[in-house]
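One structure follows; several queries about it will come next.
Along the sequence shown, residues carry numbers from 1.
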Amino acid sequence: MLDERLPLGQAQETIDKHTNRERQQFIALLVLFVVVAILIGALYLIQATTNVSNARDIQNLREQRAAWNARMNCCALMWPNSTRIPQ
C-alpha cells in the first residue's frame with residue numbers, strides 16, 4: 001500500500017486553509033446577522049413612527065369634530081331644525 005500521508009509543511013498549510021475559511025465564513029455570517037438586525041430595527045422604527053403619526057392625525061380629527069359639533073350644537077339651540085353630526 002502507498003503511504004498517502006502529507007508532509008508536515010503541507011499538512012499545516014491545509015489546516016491553515018480550513019481554519020482561515022471557517023474564520024471567513026464566521027465573519028460573513030456575523031456580518032449577515034448584523035445587517036439583518038439593522039434592517040429589522042429600521043422596519044420597526046418606520047412602523048412605530050407611522051403609528052404615532054396616525055394616532056396624532058386621528059386625535060386632531062377628533063378635536064376638529066368636537067369643535068365642529070360644539071358649534072353645531074350652539075346653532076341647534078338657536079335654530080332647532082339645523083342638522084347635527086352624530087357622535
Listed partners of Ser53 passing side-chain contact (heavy atoms from CB on, under 4.5 Å), at least two apart: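 Partners of Ser53 under the side-chain contact (heavy atoms from CB on, under 4.5 Å) test: Asp57.
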
For Gln47, side-chain contact (heavy atoms from CB on, under 4.5 Å) partners two or more places apart: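 Checked Gln47 against side-chain contact (heavy atoms from CB on, under 4.5 Å); matches are Asn51.
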
Connected hydrophobic set around Ile38, excluding itself, where side chains approach under 4.5 Å: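 Same cluster as Ile38: Val34.
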
From CG (Leu45) to CD1 (Ile40), nearest 0.5 Å: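 Here the interatomic distance stands at 12.0 Å.
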
Evaluation steps, side-chain contact (heavy atoms from CB on, under 4.5 Å), between Arg56 and Asn60: CA-CA 6 Å; Arg56 189 178 304 126; Asn60 288 338; 4.2 Å; yes

Test side-chain contact (heavy atoms from CB on, under 4.5 Å) applied to Ile27 - qualifying residues, sequence neighbours left out: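 Here the qualifying residues are Arg23, Val31.
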
For Gln24, all residues meeting side-chain hydrogen bond (donor to acceptor under 3.5 Å, both in side chains), sequence neighbours excluded: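 If we apply the side-chain hydrogen bond (donor to acceptor under 3.5 Å, both in side chains) test to Gln24, skipping adjacent residues, there are no hits.
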
Test side-chain hydrogen bond (donor to acceptor under 3.5 Å, both in side chains) applied to Gln25 - qualifying residues, sequence neighbours left out: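 Gln25 satisfies side-chain hydrogen bond (donor to acceptor under 3.5 Å, both in side chains) with no other residue.
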
Under 4.5 Å side-chain linkage, directly or through intermediates, the cluster mates of Leu43: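 Members besides Leu43: none; it forms no cluster.
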
